[in-house]
There are 2 protein chains.
Amino acid sequence: MIQTDILIIGAGPVGLFTVFEAGLMQLRCHIIDSITQAGGQLKEIYPKKPIYDIPGFPSVLAGDLIDNLEKQIEPFQPSYTLGERAETVEKLTDNTFVVTTNEGTLHKAPVVIIAGGLGSFEARKPKLDSITFFEKKGVEFMIKDPNLYLNKKIIISGGGDSALDWALYFSEKSNEKIHLVHRSDSFRAHKDSVNNIYKLQTEGKVEIHTFSEVSLLKGKERLEEIEITTKEGVKILLPTEYWFPLFGLSPKLGPLTHWGLEIKKNAIVVDNTLDYQTNIPGIFAVGDVNTYPGKLKLILCGFHEATMAVQTAYKIIYPEKKHTLKYTTVQGINGF
Amino acid sequence: MIQTDILIIGAGPVGLFTVFEAGLMQLRCHIIDSITQAGGQLKEIYPKKPIYDIPGFPSVLAGDLIDNLEKQIEPFQPSYTLGERAETVEKLTDNTFVVTTNEGTLHKAPVVIIAGGLGSFEARKPKLDSITFFEKKGVEFMIKDPNLYLNKKIIISGGGDSALDWALYFSEKSNEKIHLVHRSDSFRAHKDSVNNIYKLQTEGKVEIHTFSEVSLLKGKERLEEIEITTKEGVKILLPTEYWFPLFGLSPKLGPLTHWGLEIKKNAIVVDNTLDYQTNIPGIFAVGDVNTYPGKLKLILCGFHEATMAVQTAYKIIYPEKKHTLKYTTVQGINGF
């Protein structure tokens, strides 16, 4: 059983900054996230996209913002359960919570702060016969450990950053030629990535199939062959070991909806008059996952909400102690 | 008469960021500040101090944070009335406000956002006979234009960053030896500054008078001579043209207290359940100047408050239009 002061659900920018404000009060944090790395969608979906509305940054790449936040919270040594989804919560008689993940990992804390962003991201799955049969038997919707697929016969579908980034990654690392299948010839990805993929095609490392879609999956025990159909109806068969349909991730609140929290319009209702606490005392919700009158889904608002939540968290954890706000500017940061 | 959409009182970090969020909604801003430069106390009092609790910055110098914010709001071309203090406000029959400064400059806007920090800073003045007589006749409590004092006979009193920084500045730029008077021998200033000042003393550019205080001001029309008394009672007379007693600035809400705003504990009470509006509809207060249940005097909280205030400001200015929040990350910033 993992024990901590504050259990944070969600390792996006707001979840990470929560560690900092908690750390200033000498509270320890543990973070659960269904994605296998910290950073939420900023790191997983658009690490190279510039953001312009973080105060003090005329422009910052989403991935760099996460790197900065990780560096900022380093002194407070957060621990993580990554790649697992917070599934259930139980309130014990001593008012502490036990949160269990889909993998059965148990976490215990007197305070839970949900910084779940738009929810856990679930892959958009193409509608195709037998796709469920081949899932985990050659079909993967998210690439968690790329080393498993080096030097394998790979087909990637999609026209966004994720598809392009992985196509570039494997075509540089793998001995096998990568096939990229996209239903049009315009890619919604970073311009550099698009230029690079065409360059790698001329080098024979990638084969790009535009105006094409995967139409059939074949194999006995696991995926062995894939049929691609072009707009004109031309079909080709490709031997393959792995197919990655990377059509984006769609956010879902998921299991959190069964926690007994008040939900409105797919967001968790919180008390914005004080501390962004939910209807369950001891459980807070901060950032894009919450809602209240006038709510703006902005990262900068989440930073404020997390800071306010942590003040009440301190009172829950140390009901007798009095904490006075210390400014950081004079003394610097004393970590753990 | 200066006219704008939003009149911001206070050019500190929160006032500056208000321009950004207003600009995203195509609202124009004008800023009034009693200090002659933007940046509030971050720029005026501790530009070289690192801050550790701005989200996304493991560490940032106060002055650099201001530079970044000024760059971030550049596309929205804010205009300024600097070196003048917002003195009075009048609500016209059409619900717009006219704010007049101590110099008589008039400003008109449908919305006023007070981002006054801890108030306007007033110098802590030593109690000394005839100090009022010599004010502006050799005695200056703030150094606004240092060029006026180059190659003059200067005495600086104080043991903090401001006294040290200016002593260093003038001893490097001026032909005249600088005298630094401090009542103890421990300086509450940046370690580098203290080291440097002693180094400059060995070079004969500064003379440091520790355990000493200025005890008498002499002169006919203006300051000509100063008497310094040591702890042991030894008196010396120094010919001088300027004396800068730099004992820090003490914040005062000042004229704002007469605006009819609800004030509690030297701060303006606002509605934190929605938009940080004061008891006067159309006047908001954001950042350290306001108070509400659980208020934290943190810059990051001010950023959030300003963002929320600007949403209601938009509805006041354009009651018929509907504004939908646009994320900045895809399109970049379109300025004016």
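Chain A is the first sequence line, chain B the second, and so forth, proteins listed ahead of strands; every chain is numbered from 1.
Looking at A:F57, both its backbone and its side chain come within 4.5 Å of chain B, counting heavy atoms on both sides. Proximity to chain B (any heavy atom under 4.5 Å) is restricted, for A:F17, to the side chain, taken from C-beta onward.
The heavy-atom pair separating A:P58 from B:N68 by the smallest distance is CG-O, 3.6 Å. When all heavy atoms are compared, the tightest approach of A:E21 to B:L300 is OE2-CD2, 3.5 Å.
A donor-acceptor pair is defined here as one N or O able to donate and one able to accept, closer than 3.5 Å; no such pair exists between the side chain of B:Q311 and the backbone of A:K295. Judged by distance alone, with hydrogens and angles left aside, the side-chain atoms of A:N272 form a donor-acceptor pair with the main-chain N or O of B:T273 at under 3.5 Å.
Of all the listed residues (B:L65, B:I54, B:I66), the one sharing the greatest number of non-hydrogen pairs under 4.5 Å with chain A is B:I54. For the options A:P13, A:S59, A:C301, heavy-atom pairs under 4.5 Å to chain B are most numerous at A:C301. For chain A, the option among B:G294, B:G56, B:A62 with the highest count of heavy-atom pairs below 4.5 Å is B:G56.
In this structure, A:H304 NE2 and B:T307 OG1 are separated by 10.5 Å, a value rounded to the nearest 0.5 Å.
Qualifying salt bridge (Lys or Arg N to Asp or Glu O under 4.0 Å) partners for B:D67, counting only residues two or more places apart in sequence or in other chains: B:K43.
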